[in-house]
Amino acid sequence: MSDASSSLPSKSYPAAEHPGDTPRPEVHSGECDARHAGNAEETVPVRIQPGELVLVATPIGNLGDISRRAVETLEAADLILCEDTRTSARLLREYGIRTRTRPLHDHNEEQQIPALLDALGKGERIAVISDAGTPLMSDPGYRLVRAVVAAGGRVSAVPGPNAAVMALTLSGLPPHPFMFSGFLPPRDAARREVLARLHAAECAGLSATLIWHEAPHRMAEMLASLADVMGGTRPAAVARELTKRFEEVRRGTVAELAAHYAQNPARGEITVVLGPPAQDDSTAADLDSQLRAALQTLSVKDAAALVAGITSLPRRTVYARALELARGAQ
């Protein structure tokens with residue numbers, strides 16, 4: 001992929017079949033017209049309301065991926081809250097956006113909320129951007145949005161790039177349902193605990209494509225944990241440097257990907273996509289049946305301990321499921 005473009009996309013039309021021909025309008029059936037009615041309106045001028053908070057999606061790599069509406073919104077705002085003002089400065093310079101900026105990150109968000117609510121109450125128009133992609137998705141902003149909503153304020157958004165969704169669409173894995181979980185814990189024991197809880201949920205019936213971001217220096221270790229806990233034969237994909245010059249999507253089983261990245265250290269921004277368990281995967285159906293059988297003769301505590309030992313799932317997670325089954329049977 002090419003590097004960033006310095007100009008906004010211009011309106012395009014269907015290409016003519018021969019030089020000099022007048023481009024012909026696209027023709028859709030009535031069914032498509034009905035299905036997409038209202039989805040492709042004419043360009044509407046940006047009107048940020050006084051006292052409005054707007055979440056603006058920004059490029060995940062290629063600066064040319066920002067929308068015209070995003071640029072106009074950032075220009076019209078009185079203040080732009082950035083995850084890191086130094087990172088956002090390049091994007092803002094690229095498009096000549098001179099709106100004042102202020103950092104908003106995990107360490108200062110809670111403290112800033114009162115002053116920001118006061119500014120919104122006085123009619124200031126505030127935009128929120130992250131270092132890359134859609135705000136709040138593994139990025140700061142949730143606590144501010146919650147506070148504005150609780151105060152009866154107006155919150156809007158300008159949609160755009162999202163690395164998790166792009167990785168999902170490129171993975172070749174079932175696109176829905178899916179579950180995005182941000183980053184897994186960096187320490188192996190905590191990471192395996194989280195994965196074990198997800199695996200227990202799969203044993204209880206969860207069937208979804210799972211998505212995480214991961215740091216390159218933890219990539220091989222994370223995939224090894226994934227293979228051990230979720231199963232090495234599960235289909236998966238690793239999407240790296242999306243929209244950038246060295247974009248790469250590698251697909252295979254979890255074991256194959258773990259072996260590759262053990263020998264070839266990853267670089268750049270990474271998203272990992274794990275396919276759902278196979279329908280004939282016995283572990284995905286056995287937890288409840290094993291617990292029900294054990295509960296016929298054992299207490300909830302003893303049944304959970306027995307099945308946790310059989311399945312290698314966390315005892316606490318199995319106990320919670322056993323308790324639910326026991327209550328449902330009463």
Side-chain angles (χ1 to χ4, degrees), residues 8 38 41 43-61 63 65-166 179-186 194 211-213 215 269 271:
L8 285 171
E41 289 189 2
T43 300
V44 178
V46 174
R47 294 187 181 90
I48 307 179
Q49 302 296 323
E52 183 176 27
L53 182 73
V54 185
L55 312 174
V56 181
T58 55
I60 59 177
L63 294 186
D65 289 339
I66 194 168
S67 71
R68 183 183 299 276
R69 191 160 81 92
V71 171
E72 292 174 349
T73 299
L74 296 176
E75 289 176 331
D78 298 306
L79 172 67
I80 301 174
L81 300 174
C82 311
E83 185 177 0
D84 188 324
T85 55
R86 296 165 299 180
T87 300
S88 299
R90 183 188 175 199
L91 173 70
L92 301 180
R93 284 197 305 268
E94 183 76 16
Y95 290 100
I97 299 168
R98 296 179 174 83
T99 306
R100 64 189 175 97
T101 61
R102 185 188 302 173
L104 181 81
H105 47 70
D106 287 335
H107 302 295
N108 74 353
E109 184 176 359
E110 199 70 53
Q111 292 80 5
Q112 289 216 55
I113 288 175
L116 292 171
L117 290 177
D118 183 62
L120 289 168
K122 293 177 180 177
E124 282 201 40
R125 298 162 295 181
I126 300 177
V128 179
I129 62 176
S130 65
D131 284 348
T134 301
L136 277 67
M137 304 304 292
S138 288
D139 295 317
Y142 163 69
R143 287 173 287 187
L144 175 59
V145 169
R146 182 177 59 184
V148 174
V149 170
R154 177 178 171 83
V155 181
S156 185
V158 178
N162 181 281
V165 172
M166 183 175 179
M179 187 172 78
F180 171 64
S181 299
F183 286 85
L184 285 168
V194 170
I211 309 172
W212 300 274
H213 293 324
E269 304 289 334
T271 302

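As a basis for the values below, the full set of heavy atoms in this structure was taken, side chains included, without hydrogen atoms, waters or symmetry mates. A quick note: this is a predicted structure, and the numbers were derived from the prediction, not measured.
- Applying the ring pair (Phe, Tyr, Trp, His ring centres under 6.0 Å) test to pairs two or more places apart or on separate chains, those with a residue in residues 106-130 are His105-His107.
- Not counting sequence neighbours, Tyr142 has no partner by the ring pair (Phe, Tyr, Trp, His ring centres under 6.0 Å) test.
- A heavy-atom distance below 4.5 Å is not found between the side chains of Glu83 and Thr87.
- In this structure, the salt bridge (Lys or Arg N to Asp or Glu O under 4.0 Å) partners of Glu109, at least two apart in sequence or on a different chain, are Arg143.
- With contacts defined as side-chain heavy-atom distances shorter than 4.5 Å, the pair Leu104/Cys82 does not qualify.
- Within a 6.0 Å sphere centred on CD of Glu269, other residues, nucleotides and ligands contribute 12 heavy atoms or fewer.
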Donor-acceptor list for residues 156-165 side chains, cut-off 3.5 Å, not counting sequence neighbours:
unit_1 : atom_1 : unit_2 : atom_2 : d
Asn162 : OD1    : Ala164 : N      : 3.1
Asn162 : OD1    : Val165 : N      : 2.9

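- Residues Thr99 and Leu92 fail the side-chain proximity criterion, which asks for heavy atoms closer than 4.5 Å.
- A salt bridge (charged side-chain N to carboxylate O under 4.0 Å, His left out) check over residues 125-142, counting only residues at least two apart or in different chains, returns the pairs Asp78-Arg125.
- In this structure, Tyr95 and Ile66 have side chains that are in contact, with non-hydrogen atoms separated by less than 4.5 Å.
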Set out, in order, the CA-CA distance, both residues' side-chain angles and the distance that settles side-chain contact (heavy atoms from CB on, under 4.5 Å) for Met166 and Ile60, then state yes or no.
CA-CA 10 Å; Met166 183 175 179; Ile60 59 177; 4.0 Å; yes
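- Nearest heavy atom pair, residue Gly133 against residue Ser130, reads O-OG, 3.5 Å.
- Ile113 is not listed as a side-chain neighbour of Val148, based on a closest heavy-atom distance of 4.5 Å or more.
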Please determine whether side-chain contact (heavy atoms from CB on, under 4.5 Å) holds for the pair Leu63 and Leu91, giving the CA-CA distance in whole Å, both sets of side-chain angles, and the decisive distance to 0.1 Å.
CA-CA 7 Å; Leu63 294 186; Leu91 173 70; 3.9 Å; yes
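- Closest non-hydrogen pair, Ala151 versus Leu117, comes out as CB-CD2, 4.5 Å.
- Under the rule for a salt bridge (Lys or Arg N to Asp or Glu O under 4.0 Å), the partners of Arg100 that lie at least two apart in sequence or sit in another chain are Glu124.
- Taking the side chain as every heavy atom from C-beta outward, Thr101 and Leu79 never approach each other to under 4.5 Å.
- Between Leu55 and Thr134 the shortest side-chain heavy-atom distance does not fall below 4.5 Å.
- Atom CG of residue Leu74 and atom CD1 of residue Ile129 lie 6.0 Å apart, to the nearest 0.5 angstrom.
- Residue Leu144 holds its CG atom at 5.0 Å from CG of Leu53, rounded to the nearest 0.5 Å.
- For the 3.5 Å distance criterion, the side chains of His213 and Ser138 fail to qualify, holding no donor opposite an acceptor.
- Atom CG in Leu116 sits 11.5 Å away from atom CD in Gln111 (nearest 0.5 Å).
- At least one side-chain heavy atom of Leu136 sits less than 4.5 Å from a side-chain heavy atom of Val145.
- Interatomic distance, CZ of Arg102 versus CG of Asn108, reported as 9.5 Å (0.5 Å rounding).
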